[in-house]
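Keep in mind that the numbers below use all heavy atoms, side chains included, and drop hydrogens, waters and symmetry copies.
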Amino acid sequence: MGSEGVPPAITIHVTGFKKFHGVSENPTEIIVCNLKEYLNKKGLPKGLILGSCSILETAGQGALVPLYQTLQSAISSKESESSNPGRVIWVHFGVNSGATRFAIEHQAVNEATFRCPDEMGWKPQKVPIIPADGGISRIRETSLPVEDITKALAKQGYAVMTSDDAGRFVCNYVYYHSLRFAEQNGTKSLFVHVPLFMTINEETQMGFVASLLEVLASLQ
């Protein structure tokens with residue numbers, strides 16, 4: 001009786017990436033590895049369950065098997081809960097080494113054009129990520145309110161922007177797959193680019209991620 005009218009908790013799963021060409025230490029690996037401990041100390045935002053925290057290889061096809069394993073495991077656990085399965089959001093973090101602000105990515109494009117080989121030596125050029133989706137101009141958009149999320153974080157003092165271009169490298173590759181999976185399975189997906197720690201320090205970035213999860217948990 002007491003739970004009537006209380007929205008179901010949101011389960012948020014997060015991923016980061018390992019090092020790659022030109023970035024010997026990927027801040028997203030450190031952020032994601034430390035996130036559970038950080039939130040335990042800070043206190044989990046109301047209505048939030050932190051699910052899996054996974055680190056992916058910075059490789060297109062090389063990241064797919066663990067990506068789909070983690071995506072599928074979240075669906076399996078969601079289905080196994082007998083009552084009030086709640087909602088599932090995937091938040092993928094990647095680094096943009098030239099960025100000075102955080103970027104909430106609105107969409108991904110069905111194009112893999114890697115500027116350098118990924119960590120498994122693959123360097124596709126103008127290849128559709130999922131051929132069954134059609135050509136390289138096909139776009140998939142997140143169903144989350146990117147503008148509202150960005151405004152809420154900017155209000156808290158973070159240097160953050162909305163972006164319509166996640167690049168054509170591994171970040172975009174993973175985001176496209178995740179958005180397609182989310183659409184097919186009734187979940188949501190978001191990609192966030194972060195700067196290097198030398199641009200925005202680790203403590204500020206951890207605070208930003210915690211604030212982002214809090215904003216996501218507050219969405220009705």
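Side chains of L71 and H177 form no contact here, defined as non-hydrogen atoms less than 4.5 Å apart. You'll find the side chain of K19 reaches within 4.5 Å of the side chain of E119, heavy atoms only. Taking 4.5 Å as the limit, every side-chain heavy atom of F181 sits out of range of all side-chain heavy atoms of S189. Contact annotation: the side chain of T113 approaches that of Q125 to within less than 4.5 Å [non-hydrogen atoms, C-beta and beyond]. In this structure, the side chains of V109 and I139 come closer than 4.5 Å at one or more pairs of heavy atoms. Proximity of N172 to I129: side-chain heavy atoms (C-beta onward) are separated by under 4.5 Å at one or more points. Within the 4.5 Å cutoff, side-chain heavy atoms of F197 are placed close to those of I31. Using a 4.5 Å cut-off on side-chain heavy atoms (C-beta onward), F102 and L212 make no contact.
Between the side chains of S178 and H92, a donor-acceptor pair is found at a separation under 3.5 Å. N26 and T28 form a side-chain donor-acceptor contact under 3.5 Å, judged by distance and modelled atom types alone. Side-chain contact, D118 with Y173: no donor N or O sits under 3.5 Å from an acceptor N or O.
Annotation for G135 and N110: closest pair O-ND2, 3.2 Å, computed over non-hydrogen atoms. Contact between R115 and K123 at its shortest, heavy atoms only, is O-CE, 3.7 Å. The two residues Q107 and A166 have their closest heavy-atom pair at O-CB, 4.0 Å. In terms of heavy-atom proximity, S52 sits nearest to K36 at CA-NZ, 4.4 Å. Scanning both residues, T142 and E105, for their nearest heavy atoms gives CG2-O, 4.1 Å. Residues E111 and R168 share a closest heavy-atom pair of OE1-NE, 3.2 Å.
In this structure, CG in L48 is found 8.0 Å from OG1 in T11, a value given to the nearest 0.5 Å.
For E203, the CD atom counts as loosely surrounded, since its 6.0 Å shell holds 12 or fewer non-hydrogen atoms of other residues, nucleotides or ligands.
The residue from L179, I104, I12 that alone fulfils the side-chain contact (heavy atoms from CB on, under 4.5 Å) condition with L190 is I104.
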Enumerate donor-acceptor pairs with a distance under 3.5 Å from any side-chain N or O in residues 145-155 to protein atoms, sequence neighbours excluded.
{"residue": "T150", "atom": "OG1", "partner": "V146", "partner atom": "O", "Å": "2.8"}
{"residue": "T150", "atom": "OG1", "partner": "T162", "partner atom": "OG1", "Å": "2.9"}

After noting the C-alpha distance and the side-chain angles of L39 and V209, does the key distance pass the side chain to side chain contact (heavy atoms under 4.5 Å, CB included) rule? CA-CA 10 Å; L39 287 178; V209 172; over 6 Å; no

Q: List the steps, then state whether side chain to side chain contact (heavy atoms under 4.5 Å, CB included) holds for M120 with E57.
A: CA-CA 9 Å; M120 296 185 79; E57 290 286 346; 5.5 Å; no

Checklist entry - Is there a side chain to side chain contact (heavy atoms under 4.5 Å, CB included) between L35 and M206 once you walk through the steps? => result CA-CA 7 Å; L35 188 57; M206 292 302 297; 4.3 Å; yes

Apply the test side chain to side chain contact (heavy atoms under 4.5 Å, CB included) to residues F114 and V170: give CA-CA distance (whole Å), side-chain angles for both, the deciding distance (0.1 Å), then the verdict. CA-CA 8 Å; F114 292 3; V170 178; 4.0 Å; yes

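The aromatic rings of F208 and Y158 lie perpendicular to each other, with more than 60° between the two planes, well past the 30° mark.
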